[in-house]
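Input: a single structure, listed below in structure tokens.
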Amino acid sequence: MTVRTRFAPSPTGYLHVGGARTALFSYLFARKHGGVFVLRIEDTDLERSTAASVNAILEGMAWLGLSWDEGPFFQTERFDRYNAVIDELIGKGLAYRCDCPKERIDTLREGQMARKEKPRYDGHCRHRDIPADRPHAVRFRNPDEGVVVVDDLIRGRIVFNNDELDDLVIRRTDGSPTYNLSVVVDDMDMGISHVIRGDDHINNTPRQINILRALGQEPPRYAHVPMILGDDGARLSKRHGAVSVIAYRDEGYLPEALLNYLVRLGWSHGDREIFSLDEMVELFDIDQVNKAASSFNTDKLLWLNQHYIQHADPQRIAHLLSPHMGRLGIDPSQGADLKDVVVAQQARAKTLVELAQISAFVYQDFDTYDEAAARKHLTAAAAPALGRAREALELLALEDWDADTLERTLEQVALGLGEKMGKVAQPLRVAVVGRAASPGIGVTLELVGKEATLRRIGRALGHIAGLGAAG
RNA sequence: GCUCCCUUCGUCUAGUGGUUAGGACGCUGGCCUCUCACGUCGGUAACAGGGGUUCAAAUCCCCUAGGGAGCGCCA
């Protein structure tokens, strides 16, 4: 049997991380077993579905690199098929028309709730034989007795009593099919062998199996993956920060970091933490997925992101970094090669946004000194070191302006002053970077360039002189 | 309320009857060092509770508690 999985989001918003993980698991399972991964857009809710959401979902999938083999299919294009199936069910007496007004259903429900019963439709229209030309919905006639057994790949065996289930609406009064019907027909028509979805669908599963059986089909295998919660254990929502996959991209995360983080939420392979998409395909299997919900932990995502930034090809990172530099008003083509900046900085940032921030000094003069750094390093005592450094650096030819030569030059300056390297490097660093943290001083000066370095040393000396005047 | 699901360090997890309960993130101490970061060595911290079964239980069974989902003419 060929494995066929599907990801079936409803286009009522962006692709969020929970959906992305479900998509990832479906993708991995299909790839692992040499199967087919189908993308289907569940847009039967005409009120809430939008084209913008469809685009947002496709954009998120593309960014993550989760490619599908078939689709995207749109349920709105398959209404004729659903209606044919519904008519077939009516014809066979497995579904019936219902014209119960909303008020009747509401009263029924209230009474049941008051009696502490589970609210459910009472089958009032089962034998009323409503004419087809009157306004009506269509309900599936659920079996009254027996049980439905779901052998879930993640949960194990789950048994439902049919008397817990009621006759659900499969076609609305406006003629549109409902979710439980269209899902069943699509999974059947598309030959889906494994339904991998969120565990909020567990309770729908027995209904869907009953419809499938009424249609003479054997159900697929099911795997219900647990939810993702926020840092605080509550359901993940906007207030936990980004939930949209695209927002993670914009905040400077690498797709491989998000993917790696998501796959480890509910799945593991021994003690291993780092997985490329190919390695996931090789090692993943759905029956190893945890049953319990897990909390999204941004700190760990940040760690993975830093790991991937650090070990990625500098040229690629430079390419991805460029737009973030642009947001800071910097054109990286004016000045040092951005790739060289990445090489110098890539172990120092957890996101591309942060990488851009700590690299801005290479391309433009900063406005103000970091207060603590200036207080500690731009002092009268540091002035001689800065002065001597400036003298030595001025003498360096442009072709000698490289990290090694710069570092050796400054070591000589320190030696001449009878000071440790730190007494020279730190004031110089604050003078040139504005902060007390940067790559090695030689690399830092090389990237900044001779002209800007000397200019900024002059400015720092001025700052120190100003202190004396004020004090 | 009813039905279904879940429960190992703060978080992600390993563990399938016998382990000093392992790893990772975070936090933290040391080393490296011109700063920061990286790297590296160490520390911190968990089997929800209670009953069984067993020579032996995080692992099997039952109960309780806590958390979650569903109970739509939403998906």
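From a predicted model like this one, the values you see are computed outputs, not experimental measurements. Hydrogens, waters and symmetry mates play no part in the numbers below; they use all other heavy atoms, side chains included.
- Pairing of B:rA58, defined by two Watson-Crick or G-U wobble distances under 3.5 Å, is not identified with any nucleotide.
- The CG atom of A:Asn305 sits 20 Å away from the P atom of B:rA24 (whole-angstrom rounding).
- Classified by interplanar angle (parallel below 30°, tilted 30° to 60°, perpendicular above 60°), the ring pair A:Tyr248/A:Phe296 is tilted.
- Side-chain N/O atoms of A:Thr76 and A:Asp43 include a donor and acceptor closer than 3.5 Å.
- Annotation: B:rC63 and B:rU28 have their P atoms spaced 45 Å apart (nearest Å).
- Between A:Gln208 atom CD and B:rG70 atom P the separation is 14 Å, expressed in whole Å.
- Comparing B:rU16 with B:rA58, their P atoms sit 13 Å apart, to the nearest whole Å.
- Atoms CG (A:Leu181) and P (B:rG72) sit 17 Å apart, rounded to a whole Å.
- The nearest whole Å value for the distance from the CG atom in A:Asn142 to the P atom in B:rC71 is 15 Å.
- Rounded to whole Å, the C1' atom of B:rG66 lies 8 Å from the corresponding atom of B:rA48.
- Across the strands present, B:rA37 finds no partner; the criterion is a Watson-Crick or G-U wobble pair with both atom distances under 3.5 angstrom.
- Both cation-pi conditions hold for A:Arg459 and A:Tyr369: the charged atom is under 6.0 angstrom from the six-membered ring centre and inside a 45 degree cone around its axis.
- For the residue pair A:His201/A:Tyr179, the side-chain donor-acceptor check at 3.5 Å is satisfied.
- Side-chain contact, A:Glu446 with A:Trp401: no donor N or O sits under 3.5 Å from an acceptor N or O.
- With hydrogens and angles left out, the side-chain atoms of A:Arg171 and A:Asn83 include a donor and acceptor closer than 3.5 Å.
- The CD atom of A:Glu110 sits 15 Å away from the C1' atom of B:rG1 (whole-angstrom rounding).
- The gap from the P atom of B:rG10 to that of B:rG49 amounts to 12 Å, rounded to the nearest Å.
- Nucleotide B:rC4 forms a pair with B:rG68, judged by Watson-Crick or G-U wobble geometry with both contacts under 3.5 Å.
- Look at CZ on A:Arg272: it is 18 Å from P on B:rG23, rounded to the nearest Å.
- Computed from coordinates, the A:Arg97 CZ to B:rC73 C1' distance equals 16 Å when rounded to whole Å.
- For the pair A:Asn305 (side chain) and A:Lys350 (backbone), a donor-acceptor distance under 3.5 Å is present.
- We find that CG of A:Asp167 is positioned 12 Å from P of B:rG72, with the value rounded to whole Å.
- The residue A:Ser176 sits apart from the nucleic acid: no heavy atom pair falls under 4.0 Å.
- Residues passing the ring pair (Phe, Tyr, Trp, His ring centres under 6.0 Å) test with A:Phe79, sequence neighbours excluded: none.
- Atom name P, nucleotides B:rC27 and B:rA37: the rounded distance is 11 Å, in whole Å.
- For the C1' atoms, the distance linking B:rU33 with B:rU40 amounts to 13 Å, nearest Å.
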Protein within reach of the bases, or only the backbone? For nucleotides 2-19 of chain B, mark each nucleotide 5' to 3' as B, S or -, using heavy atoms under 4.0 Å. BBSSSS---SBSS-----

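- B:rC60 and B:rA75 are spaced 39 Å apart, taking the C1' atom of each and rounding to whole Å.
- Taking 3.5 Å as the limit, the base of B:rA75 and the side chain of A:Asp43 contain no donor-acceptor pair of atoms between them.
- Of all nucleotides present, only B:rC25 satisfies the Watson-Crick or G-U wobble test against B:rG10, with each distance under 3.5 Å.
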Quick one: what's the B/S/- string for nucleotides 34-45 of chain B, heavy-atom cutoff under 4.0 Å, read 5' to 3'? BBBBS-------

Mind running side chain to side chain donor-acceptor pair (under 3.5 Å) on A:Glu42 and A:Gln75 for me, showing each step along the way? CA-CA 6 Å; A:Glu42 309 224 318; A:Gln75 293 190 321; 3.3 Å; yes

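- Looking at heavy-atom distances under 4.0 Å, A:His377 makes no contact with the nucleic acid at all.
- Nucleotides B:rG23 and B:rC41, compared at atom P, are 12 Å apart to the nearest Å.
- A:Asn142 and A:Asn210 share a side-chain donor-acceptor pair at under 3.5 Å.
- Proximity of A:Arg109 to the phosphate of B:rG72: a side-chain N or O atom is located under 4.0 Å from OP1 or OP2.
- For residues 221-230 of chain A, the set of pairs meeting the side chain to side chain donor-acceptor pair (under 3.5 Å) definition, not counting sequence neighbours, comprises A:Asp152-A:His224, A:Arg197-A:His224, A:Thr205-A:His224.
- In this entry B:rA46 has no Watson-Crick or G-U wobble partner, no candidate having both defining distances under 3.5 Å.
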Distance-only donor-acceptor hits, side chain of residues 425-444 of chain A, under 3.5 Å, sequence neighbours excluded:
unit_1, atom_1, unit_2, atom_2, d
A:Gln426, OE1, A:Arg429, NH1, 2.6
A:Arg429, NE, A:Ser438, OG, 2.7
A:Arg429, NH2, A:Pro439, O, 2.8
A:Arg435, NH2, A:Ile358, O, 3.4
A:Ser438, OG, A:Thr444, OG1, 2.9
A:Thr444, OG1, A:Pro439, O, 2.8
A:Thr444, OG1, A:Gly440, O, 2.9

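- Within residues 74-85 of chain A, no residue is approached by RNA chain B to less than 4.0 Å at the level of any non-hydrogen atom.
- Contact annotation: the side chain of A:Val147 never approaches that of A:Phe160 to less than 4.5 Å [non-hydrogen atoms, C-beta and beyond].
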